[in-house]
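From a predicted model like this one, the values you see are computed outputs, not experimental measurements. Quick note on labels: first sequence line is chain A, next is B, and so on, each numbered from 1.
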There are 2 protein chains.
Amino acid sequence: MAIHYPNGKKFIEHQALAKAKKVKQTTYGNRGMTLEEDLNITNKYYRDHEIALIHKKPTPLQIVNVEYPKRSAAKITEAYFKKPSTTDYNGVYKGKYIDFEAKETQNKTALPMQNFHDHQIEHMRQVKQHNGIAFIIVKFSNVNEVYFLDSEFLLQYWWEQINGGRKSIPKEVFENKGYLIKNSYRPRLDYIQIIDKIYL
Amino acid sequence: MAIHYPNGKKFIEHQALAKAKKVKQTTYGNRGMTLEEDLNITNKYYRDHEIALIHKKPTPLQIVNVEYPKRSAAKITEAYFKKPSTTDYNGVYKGKYIDFEAKETQNKTALPMQNFHDHQIEHMRQVKQHNGIAFIIVKFSNVNEVYFLDSEFLLQYWWEQINGGRKSIPKEVFENKGYLIKNSYRPRLDYIQIIDKIYL
């Protein structure tokens, strides 16, 4: 690590970011960017072209201590990561409320349910209850495949897990019930196309 | 302005902290809670009763340094407040995308435009562009009146300001073009009622 990040501080920022945003710490070789980076670029494309207005929410932190140095910006000197009570992304497309969570896994055969908090699951259930559009975008890193899956299936597997069922969503569910989001140049991961197809 | 806020920077930091920690900086006597506290209680009421799903976004921070103490949670030891690129509140009501910013002012006659960043204004313009519902909720603390105003008027005054016009929205605009949100017990500030009336 010291070789890659000679400046310790930089490396720590990197780690913090990884932790906060749940991206992997591992390198992908030629596989390109993380799912989060791809989605940020995609969302910026959607905003710049006035296609949709989707933002990633800031990471929730519990601020404990702040210093006010003279002639410079307020400095937070003690804070902790909090469990998010909602999903990471939301916004508007054609007047409809859009809400999703993005996850990346190195698992080849399934998405482990431990990727989600119960608050996030409950949040997605409520989005559907209010006729919003809720889904997950999942990247299987080993095969570099990104899927779009309606939250209905996530909720179903969540309940099965609570009732003693399996603790992951099989990749076949993504293949058969979800939609492969093809990598392209612009936009990077065109998930709005899928929203058009299945909800509108 | 220099008279009211001798240290421009500090004032902004002060605001940021108030926002982050959700504590009051000013005492209001018997006037009760801050607008933010009232809105948090209102939004919780809406969620608990499955009326609407509206959340306040976390305060955006730039994380610079994180420590990983053994056997305890990651501790952020250096971070700074960032300017938000969107509004503070968003969510879904009857499938529609809802987006708003809440401001409190001690000014008796107008809401100063300095309460908003250009990114927030641009964000609200885009929400309307995508057929979302965008508005502001403003509390005039001195008279304890809370108004709902469609973002159309905010955008209009913003452009006038940029073109050399006045730097605030007169209280009469809230009284004549907006809607008074009455304080009640449950929900505290029933702004959904107004959404029903004017948009749906």
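Using a 4.5 Å cut-off between heavy atoms, A:T86 contacts chain B through its side chain alone, with no backbone atom that close. At a 4.5 Å heavy-atom cutoff, the contact between B:I51 and chain A is made by backbone atoms alone. Looking at A:Q129, the atoms closer than 4.5 Å to chain B (heavy atoms on both sides) all sit in the side chain, from C-beta outward.
Remark: A:V92 pairs with A:L53, B:Y97, B:H130 by the side-chain contact (heavy atoms from CB on, under 4.5 Å) rule, at least two apart or across chains. Not counting sequence neighbours, the partners of A:K94 by the salt bridge (charged side-chain N to carboxylate O under 4.0 Å, His left out) test are A:D196.
Heavy-atom pairs under 4.5 Å with chain B peak, among A:E78, A:K128, A:K57, at A:E78. Counting heavy-atom pairs closer than 4.5 Å to chain A, the top residue among B:A73, B:G132, B:G91, B:S85 is B:G91. Ranked by heavy-atom pairs shorter than 4.5 Å toward chain B, the options A:T77, A:L61, A:V127, A:N131 are led by A:T77.
Salt-bridge check for A:R188 with A:E37: failed, with every basic side-chain N at 4.0 Å or more from each acidic carboxylate O. Salt bridge present: B:R125 and A:E50 bring a charged side-chain N and a carboxylate O closer than 4.0 Å.
Counted by atom type alone, A:T109 and A:N107 present one or more donor-acceptor pairs between their side chains at under 3.5 Å.
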